[in-house]
Amino acid sequence: MEAAHTLAELTVTSPEQMRDLGRRLAKLLRAGDLVLLSGELGAGKTTLTRGLGEGLGVRGAVTSPTFVIARVHPSLGDGPPLVHVDAYRLSGGLDEMEDLDLDVSLPESVVVVEWGEGKVEELTEDRLHVSIHRAVGDTTDEVRHVRVLGLGARWAGAELGALSA
Ligand SMILES: Nc1ncnc2c1ncn2[C@@H]1O[C@H](COP(=O)(O)OP(=O)(O)O)[C@@H](O)[C@H]1O
Ligand SMILES: [Mg+2]
């Protein structure tokens with residue numbers, strides 16, 4: 001039985017804040033970490049990843065790839081590269097992403113997978129699940145609730161207070 005640890009629940013009210021959250025989250029990540037992002041289209045998964053890339057100090061702009069499933073952003077310094085996967089178009093699991101060799105790159109990378117739930121869990125027991133929800137009845141359409149859940153020994157007792165602005 002895997003223990004789930006609810007690490008943080010936050011509200012962000014703008015794309016800039018989502019990006020900031022990504023920057024703060026980056027400070028907690030190291031090579032070997034797998035982050036799954038869930039939330040409907042337009043929730044802000046790529047926006048969060050953009051901040052993550054900035055926080056990690058990697059090369060290249062994080063975008064929503066139309067045809068590319070995964071993009072590797074090498075570190076500009078001596079940190080780990082960011083592997084950004086958008087699994088939206090994939091219905092199968094890891095076997096369908098075989099070419100990406102995520103199992104090979106994970107130990108030395110931070111791997112972030114949009115729409116990864118139910119597809120990449122077998123990579124590792126230690127995972128961070130970030131789910132983003134639009135606030136119901138929000139008038140400005142920019143309010144998002146973000147829940148960060150840690151799984152596995154890596155995140156047991158992790159201090160995530162740093163995620164709050
Ligand atoms: N609080 C917010 N956080 C993130 N994105 C927001 C927020 N409010 C509005 N947006 C907008 O919603 C869209 C999110 O797009 P994106 O990050 O590509 O979502 P996803 O990757 O989940 O499909 C962007 O156009 C962004 O400007
Ligand atoms: Mg996206």
Side-chain angles (χ1 to χ4, degrees), residues 4 6-29 33-76 80-94 96-102 105-106 109-121 123-124 127-151 155 160-165:
T6 301
L7 299 175
E9 282 183 302
L10 317 134
T11 299
V12 301
T13 56
S14 69
E16 293 72 28
Q17 276 192 20
M18 187 65 85
R19 217 158 145 163
D20 280 346
L21 176 60
R23 286 198 201 96
R24 295 197 298 278
L25 182 58
K27 304 280 176 258
L28 304 169
L29 298 175
D33 284 339
L34 174 66
V35 181
L36 304 194
L37 301 182
S38 64
E40 67 203 87
L41 216 58
K45 301 180 293 298
T46 302
T47 303
L48 181 75
T49 310
R50 197 163 291 144
L52 249 173
E54 288 164 4
L56 289 173
V58 298
R59 193 171 70 208
V62 169
T63 57
S64 308
T66 312
F67 298 108
V68 189
I69 292 162
R71 192 166 278 151
V72 181
H73 299 270
S75 174
L76 291 166
L82 168 66
V83 179
H84 177 210
V85 182
D86 190 325
Y88 183 58
R89 280 159 213 84
L90 303 177
S91 48
L94 272 183
E96 205 178 325
M97 300 178 226
E98 223 165 17
D99 300 351
L100 302 182
D101 284 330
L102 290 180
S105 43
L106 180 59
S109 315
V110 169
V111 178
V112 176
V113 189
E114 298 188 38
W115 305 100
E117 267 180 293
K119 296 173 186 168
V120 299
E121 282 87 348
L123 279 172
T124 169
R127 304 184 298 269
L128 211 53
H129 286 234
V130 180
S131 25
I132 307 173
H133 298 282
R134 276 171 201 265
V136 177
D138 167 42
T139 46
T140 70
D141 201 36
E142 295 210 332
V143 180
R144 304 286 192 271
H145 296 304
V146 183
R147 197 168 70 114
V148 184
L149 187 76
L151 291 174
W155 298 106
L160 287 218
L163 283 184
S164 312

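Read the numbers this way: they start at 1 and go in the same order the structure lists the ligands and their atoms.
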Inset, instruction - Give every protein N, O or S atom lying under 2.8 Å from the Mg ion (ligand 2), naming each by residue and atom. - result: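 N, O, S partners closer than 2.8 Å: Thr46 OG1, Glu114 OE1.
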
Does any non-hydrogen side-chain atom of [Y] lie less than 4.5 Å from one of [X]?
X: Val112; Y: Val130; value: no
X: Leu128; Y: Leu28; value: no
X: Leu36; Y: Glu121; value: yes
X: Val113; Y: Lys119; value: no
X: Ser91; Y: Glu96; value: yes
X: Ile132; Y: Met18; value: yes

Legend entry - 4.0 Å protein heavy-atom contact status of atom 22 (O) of ligand 1, strictly under: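 It does: a protein heavy atom is found less than 4.0 Å away from atom 22 (O) of ligand 1.
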
Number the atoms of ligand 1 from 1 as they appear, then name those within less than 4.0 Å of a heavy atom of [X], with their elements.
X: Glu40; result: 22 (O)
X: Ser64; result: 18 (O)
X: Thr46; result: 17 (O), 18 (O), 20 (P), 21 (O)

Legend entry - Atom pair CG/CZ of Leu10 and Arg147 - distance to nearest 0.5 Å: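 Leu10 atom CG to Arg147 atom CZ measures 12.0 Å (nearest 0.5 Å).
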
Legend entry - Test item, Ser14 contacting ligand 1 (heavy atom, 4.0 angstrom):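 Yes, that is the case, since the closest heavy atom of the residue is under 4.0 Å from the ligand.
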
Inset, instruction - Could you tell me if any non-hydrogen atom of Arg50 lies under 4.0 Å from any atom of ligand 1? - result: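 Not so, Arg50 does not reach ligand 1.
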
Does any N or O of ligand 1 fall below 3.5 Å from an N or O anywhere on [X], backbone included?
X: Gly42; answer: yes
X: Thr13; answer: no
X: Leu41; answer: no

Inset, instruction - Would you check if there is a donor-acceptor pair between the side chains of His73 and Arg71 at a distance under 3.5 Å? - result: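 No, His73 and Arg71 have no side-chain donor paired with an acceptor closer than 3.5 Å.
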
Inset, instruction - Out of Ser38, Gly22, Pro15, indicate the one that has the non-hydrogen atom closest to atom 27 (O) of ligand 1. - result: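 Comparing heavy atoms across Ser38, Gly22, Pro15, the nearest one to atom 27 (O) of ligand 1 lies in Pro15.
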
Inset, instruction - Pick, from Met18, Lys45, Arg19, Glu142, the option with the minimum heavy-atom distance to atom 3 (N) of ligand 1. - result: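 Going through Met18, Lys45, Arg19, Glu142 one by one, Met18 has the nearest heavy atom to atom 3 (N) of ligand 1.
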
Inset, instruction - Mark yes or no for whether Arg24, through its side chain, and Leu163, through its backbone, hold a donor-acceptor pair below 3.5 Å. - result: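 Yes.
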
Legend entry - Exam field: side chain Arg50 to backbone Val62, donor-acceptor pair closer than 3.5 Å: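 It does hold such a pair.
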
Legend entry - Atom CD of Glu98: over 12 foreign heavy atoms under 6.0 Å: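 No, CD of Glu98 has 12 or fewer neighbouring heavy atoms, counting only those of other groups under 6.0 Å.
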
[atom]: which protein heavy atom is closest, and how many Å away?
atom: atom 17 (O) of ligand 1; answer: Thr47 OG1, 2.6 Å
atom: atom 19 (O) of ligand 1; answer: Gly44 N, 3.1 Å
atom: atom 10 (N) of ligand 1; answer: Arg144 NH2, 3.5 Å

Side-chain polar contacts of residues 51-58 - donor-acceptor pairs under 3.5 angstrom, sequence neighbours left out - could you list them?
residue, atom, partner, partner atom, Å
Glu54, OE1, Arg19, NE, 3.4
Glu54, OE1, Arg23, NE, 2.9
Glu54, OE1, Arg23, NH2, 2.8
Glu54, OE2, Arg19, NE, 2.9
Glu54, OE2, Arg19, NH2, 2.5

Legend entry - Salt bridge Arg134-Glu40, side-chain N to carboxylate O under 4.0 Å: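 Yes, this pair counts.
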
